[in-house]
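What follows is one structure encoded as structure tokens, with my remarks underneath.
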Amino acid sequence: DTAVSQTPKYLVTQMGNDKSIKCEQNLGHDTMYWYKQDSKKFLKIMFSYNNKELIINETVPNRFSPKSPDKAHLNLHINSLELGDSAVYFCASSHTPGQLNSPLHFGNGTRLTVT
Amino acid sequence: RKEVEQDPGPFNVPEGATVAFNCTYSNSASQSFFWYRQDCRKEPKLLMSVYSSGNEDGRFTAQLNRASQYISLLIRDSKLSDSATYLCVVSSTDSWGKLQFGAGTQVVVTP
């Protein structure tokens with residue numbers, strides 16, 4: 001009965017590789033997000049999709065490409081991985097973004113290590 | 001200047017004591033405010049939303065001061081299980097869906 005699930009939980013890979021992280025939510029939310037939490041613990045939004053439509057695209061290298069096949073799924077594909085991409089990536093979902101009665105629900109994170 | 005700033009701590013609190021800390025935000029158009037809790041190597045989880053008049057949830061009390069642009073969190077009768085990082089989260093109507101996170105305040109409750 002996991003609400004927001006993302007896989008894999010750990011990902012160790014070499015520079016230059018391409019990898020994907022998958023996310024699925026069963027909460028019936030319209031909006032999904034990808035956040036990056038770096039070593040300094042700052043959570044920064046990367047992308048947000050509402051009903052499969054991209055609504056937020058922060059200054060993220062175009063090596064990162066989100067894909068939302070339906071509103072319950074938001075995957076993240078990363079090309080040509082770099083050392084600086086090492087971080088924890090969190091998927092999240094919500095109803096109406098930013099409203100008091102619409103908090104974010106996070107997945108348990110994917111810890112990406114690029115060697 | 002960061003949009004959301006927090007004292008990183010750590011706040012070392014004896015069990016049973018009260019601890020309080022603030023979070024300041026720079027965007028006066030900010031409309032929604034939240035406190036999230038993040039345990040080590042875990043995902044953030046909503047602790048409570050912050051309402052204009054302030055609100056309480058058990059041992060936790062949140063306040064909003066729009067004039068000075070800060071929110072606060074007070075924890076009474078601290079438990080060992082309250083040890084975590086508390087993230088301040090702010091959203092504004094002019095950034096649809098973009099919640100701004102603070103870097104967090106670490107609280108360590110000691111026996």
Side-chain angles (χ1 to χ4, degrees), chain A residues 2-6 9-10 23 25 27 29-51 53-60 66 74 87-113, chain B residues 1-10 23 25 27 29-55 57 62-64 66 71 84-107:
Chain A
T2 305
V4 182
S5 59
Q6 56 182 107
K9 190 168 183 179
Y10 299 97
C23 179
Q25 54 96 3
L27 296 167
H29 288 161
D30 294 327
T31 308
M32 296 186 71
Y33 312 79
W34 278 108
Y35 280 83
K36 178 181 179 181
Q37 188 169 42
D38 59 25
S39 57
K40 294 183 179 176
K41 306 301 181 187
F42 256 113
L43 263 167
K44 291 183 182 175
I45 191 165
M46 301 173 70
F47 303 102
S48 175
Y49 272 74
N50 179 264
N51 277 320
E53 182 183 343
L54 180 66
I55 56 171
I56 293 176
N57 184 350
E58 287 297 278
T59 308
V60 176
L74 180 61
V88 181
Y89 292 84
F90 286 103
C91 177
S93 71
S94 72
H95 280 302
T96 309
Q99 299 299 310
L100 274 179
N101 59 352
S102 182
L104 290 175
H105 293 258
F106 284 88
N108 56 15
T110 296
R111 187 170 295 275
L112 172 64
T113 303
Chain B
R1 182 186 174 188
K2 295 189 179 74
E3 293 199 41
V4 180
E5 297 207 55
Q6 296 184 247
D7 182 340
C23 160
Y25 60 93
N27 187 347
S30 298
Q31 292 292 325
S32 300
F33 308 88
F34 308 87
W35 283 105
Y36 279 73
R37 170 198 170 123
Q38 187 172 24
D39 294 298
C40 187
R41 301 177 80 86
K42 298 283 189 181
E43 74 274 21
K45 292 184 179 177
L46 178 70
L47 179 67
M48 56 198 301
S49 302
V50 184
Y51 295 93
S52 296
S53 55
N55 47 299
D57 183 0
Q63 296 282 351
L64 168 62
R66 284 192 184 276
I71 64 172
T85 296
Y86 291 84
L87 303 171
C88 171
V89 185
V90 175
S91 79
S92 55
T93 54
D94 60 352
S95 59
W96 196 76
K98 192 164 80 171
L99 295 174
Q100 297 288 352
F101 281 76
T105 295
Q106 186 183 7
V107 172

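Proteins come first, then strands; the chains are lettered A, B, ... in the order of their sequence lines, and each starts at number 1.
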Closest heavy-atom pair, B:Gln38 versus A:Phe90, reported as atoms and distance to 0.1 Å, is NE2-CZ, 3.7 Å

Could you report the tightest heavy-atom contact between B:Gly102 and A:Phe42, atom names first, then the distance?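 So the minimum-distance heavy-atom pair works out to C-CE2, 4.2 Å.
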
By side chain to side chain donor-acceptor pair (under 3.5 Å), which residues pair with B:Thr85, not counting sequence neighbours? none

So, do B:Tyr36 and A:Leu43 sit near enough that their side-chain heavy atoms are less than 4.5 Å apart? no

All side chain to side chain contact (heavy atoms under 4.5 Å, CB included) counterparts of A:Glu58, not counting sequence neighbours: A:Ile45, A:Ile56, A:Val60, B:Lys98

Value rounded to 0.5 Å, distance of CZ in B:Arg41 from CG in A:Asn108: 12.5 Å

